[in-house]
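Here is the structure we will look at, set down as structure tokens.
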Amino acid sequence: MRAHVLYELQPDATLSVCVWCSGDMPTCWLVSEDDRHKPIQLLHYLTHTLGRGPETKIKDQKCSRQQVELTANCNRGFVTVKQLGSNPTSLDDVVVGKGNQVTFKPGQKLYLVNHLYPYTLLFREDSSPVSTPEDRSRAMKRARQGDAQEERDEDNAKIFRISQPSCSTSTVRPQITQSPTAVRVSAAPWNQGLKVSMQDPNMQVYKDEKVVVIKDKFPKARFHWLVLPWDSISSLKALRHEHVELLRHMERVGEHMVQQCHRSNTLHFRLGYHAIPSMSHVHLHVISQDFDSPCLKNKKHWNSFTTEYFIQSQDVIVMLERDGHVKVKDDVSELLKLPLRCHVCHKEQGTMPKLKEHIRLHLLP
DNA sequence: GTTCTAGAAC
DNA sequence: GTTCTAGAAC
């Protein structure tokens with residue numbers, strides 16, 4: 001979806017320097033080899049579901065509306081492909097298989113279904129959506145360079161992480177508008193990442209005069225957004241009675257995000273705040289309850305969304321209206337150490353892999 | 001917040 | 001030997 005309000009760039013506007021988000025990373029494009037449609041951009045680490053429909057112009061009933069799930073790693077130059085549909089998706093001549101995941105690299109061909117509808121990958125250093133024979137030849141060249149280059153890229157990434165801990169750095173492109181609260185950042189500490197991401201137009205999926213919505217950079221479910229106020233409010237502790245209307249607005253915007261989601265009829269969502277968030281700047285989580293995500297990795301992740309560590313938006317608003325502040329229990333962090341328990345049937349699971357396997361059983365097919 | 005990795009658990 | 005967790009570093 002498009003942002004609802006775009007601010008005009010003021011001549012003296014301070015341009016953000018992104019140390020947290022995608023910055024100078026190459027952009028990733030999925031190129032239809034039979035020229036059915038223009039290249040589709042795959043955003044770094046954001047799951048993109050592809051199948052029959054207007055986006056691909058595929059009408060073939062053998063192709064599911066959600067045939068594959070694609071997740072690009074723009075830093076390392078590959079895309080993971082998970083087959084969701086029943087009929088075979090294949091990478092070159094190898095069938096992926098329903099539920100299986102493979103790594104798709106430039107030079108390879110992905111056939112969406114039944115060895116039809118071929119796609120290739122293109123990684124570009126700029127984000128302009130073009131697809132020329134030169135691009136394709138460059139993509140092929142990159143592919144031919146093979147694993148050795150990938151290793152070098154990985155090494156570069158390692159070196160870069162040491163000097164720039166959060167991520168790559170880039171000035172925001174001048175044609176893109178800035179919010180009124182743009183900040184100058186040269187090397188933000190990791191816990192200031194949201195302040196940077198929320199200013200980045202490439203991350204914004206909605207904005208209005210009070211709030212901005214971004215996709216969580218490491219989503220813990222199929223759909224995971226963060227609603228942030230433009231006003232700098234560091235945490236729940238800083239909230240006062242005067243913020244009630246802002247929080248109500250954040251909740252309404254969160255509900256709006258759910259409503260516009262094509263899976264809102266089949267997925268349950270929760271809206272809430274972490275009792276003690278790691279990242280600075282108040283943010284409302286809007287998260288689908290499938291918890292089907294490779295970024296969901298450990299007990300802290302799980303318990304932060306499935307115990308009372310996750311405080312429902314409405315409860316925060318009620319507390320604020322009633323008491324004028326939000327009270328968080330002193331020992332709330334202990335909740336993060338609780339045994340892993342399924343959020344649907346409450347059955348305890350011994351390890352994260354077992355929990356993740358278990359919660360898949362509760363997913364609709 | 002993530003990544004990395006030592007060492008515990010299996 | 002492999003899997004998994006948890007704590008340090010960033």
Side-chain angles (χ1 to χ4, degrees), chain A residues 16-23 25 43-47 71-76 78 80 150-151 153-169 183 185-200 203 212-221 224-228 232-237 272-287 291 293-307 309-311 328 332-342 348-360:
Chain A
S16 300
V17 176
C18 177
V19 295
W20 176 256
C21 55
S22 48
M25 272 193 297
L43 296 173
H44 183 59
Y45 271 148
L46 297 182
T47 301
T71 311
N73 187 324
C74 296
N75 273 330
R76 295 184 58 189
F78 66 83
T80 57
E150 187 180 321
E151 279 171 25
D153 289 344
E154 190 176 3
D155 286 342
N156 288 339
K158 278 176 187 166
I159 292 162
F160 199 80
R161 272 199 292 276
I162 292 164
S163 56
Q164 294 282 342
S166 295
C167 181
S168 52
T169 304
V183 290
V185 183
S186 55
W190 62 264
N191 62 355
Q192 303 295 310
L194 288 181
K195 290 182 196 291
V196 181
S197 291
M198 65 184 275
Q199 304 291 343
D200 180 357
M203 305 287 279
V212 59
V213 182
I214 59 175
K215 284 186 180 182
D216 193 296
K217 193 166 157 59
F218 298 91
K220 302 302 183 291
H224 187 180
W225 295 285
L226 305 177
V227 185
L228 304 108
S232 182
I233 304 170
S234 61
S235 71
L236 292 183
K237 276 184 183 176
Y273 300 84
H274 279 154
I276 305 173
S278 300
M279 307 298 282
S280 184
H281 201 104
V282 161
H283 52 283
L284 172 67
H285 290 270
V286 179
I287 183 166
F291 295 113
S293 165
C295 299
L296 182 83
K297 292 179 177 173
N298 58 45
K299 183 178 270 192
K300 185 178 175 182
H301 291 158
W302 180 254
N303 284 333
S304 72
F305 286 101
T306 59
T307 69
Y309 194 89
F310 187 84
I311 311 175
V328 172
V332 73
S333 296
E334 293 302 305
L335 295 171
L336 299 176
K337 299 173 189 170
L338 287 172
L340 299 167
R341 205 171 276 286
C342 171
E348 192 173 320
Q349 303 294 324
T351 63
M352 276 305 290
K354 281 177 182 156
L355 173 75
K356 295 192 71 159
E357 189 184 341
H358 172 84
I359 60 176
R360 290 185 74 84

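The sequence lines fix the lettering, A, B, ..., with proteins before strands; numbering per chain opens at 1.
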**Request:** Kindly confirm whether the side-chain ring of A:Phe218 is stacked on the base of B:dG1, judged by centres under 5.5 Å and planes under 30°.
**Result:** no

**Main-chain N/O of A:Phe218 paired to A:Lys220 side chain as donor or acceptor, under 3.5 Å** = yes

Tell me: [atom1] of [X] to [atom2] of [N], nearest whole Å?
X        : N      : atom1 : atom2 : answer
A:Lys354 : C:dT2  : NZ    : C1'   : 14 Å
A:Gln192 : C:dC10 : CD    : P     : 18 Å
A:Trp190 : B:dG1  : CH2   : P     : 8 Å
A:Met352 : B:dC10 : CE    : P     : 17 Å
A:Met198 : B:dG1  : CE    : C1'   : 17 Å
A:Asn298 : B:dG1  : CG    : P     : 11 Å
A:Lys356 : C:dT5  : NZ    : P     : 11 Å
A:Lys300 : B:dT3  : NZ    : C1'   : 13 Å

Taking the inter-plane angle between the rings of [X] and [Y] on a 0 to 90° scale, is it parallel (under 30°), tilted (30 to 60°) or perpendicular (over 60°)?
X        : Y        : result
A:Phe305 : A:His285 : perpendicular
A:Trp302 : A:Phe291 : perpendicular
A:His274 : A:Phe310 : perpendicular

**Request:** State which of B:dG1, C:dA6, C:dT5 makes the closest approach to the side chain of A:Lys299.
**Result:** C:dA6

**Item:** Among B:dT3, C:dA6, B:dG1, the nucleotide that comes nearest once only the side chain of A:Lys297 is considered
**Value:** B:dT3

Using a heavy-atom cut-off of 4.0 Å across all strands, would you classify [X] as base, sugar-phosphate, or nothing?
X        : result
A:Lys220 : sugar-phosphate
A:His281 : nothing
A:His224 : nothing

**Request:** Taking side-chain contact (heavy atoms from CB on, under 4.5 Å) as the test, write out the residues that go with A:Thr351, two or more places apart.
**Result:** A:Pro353, A:Lys354

**Message:** Is there a side-chain contact between A:His301 and the phosphate of C:dT5, meaning an N or O under 4.0 Å from OP1 or OP2?
**Reply:** no

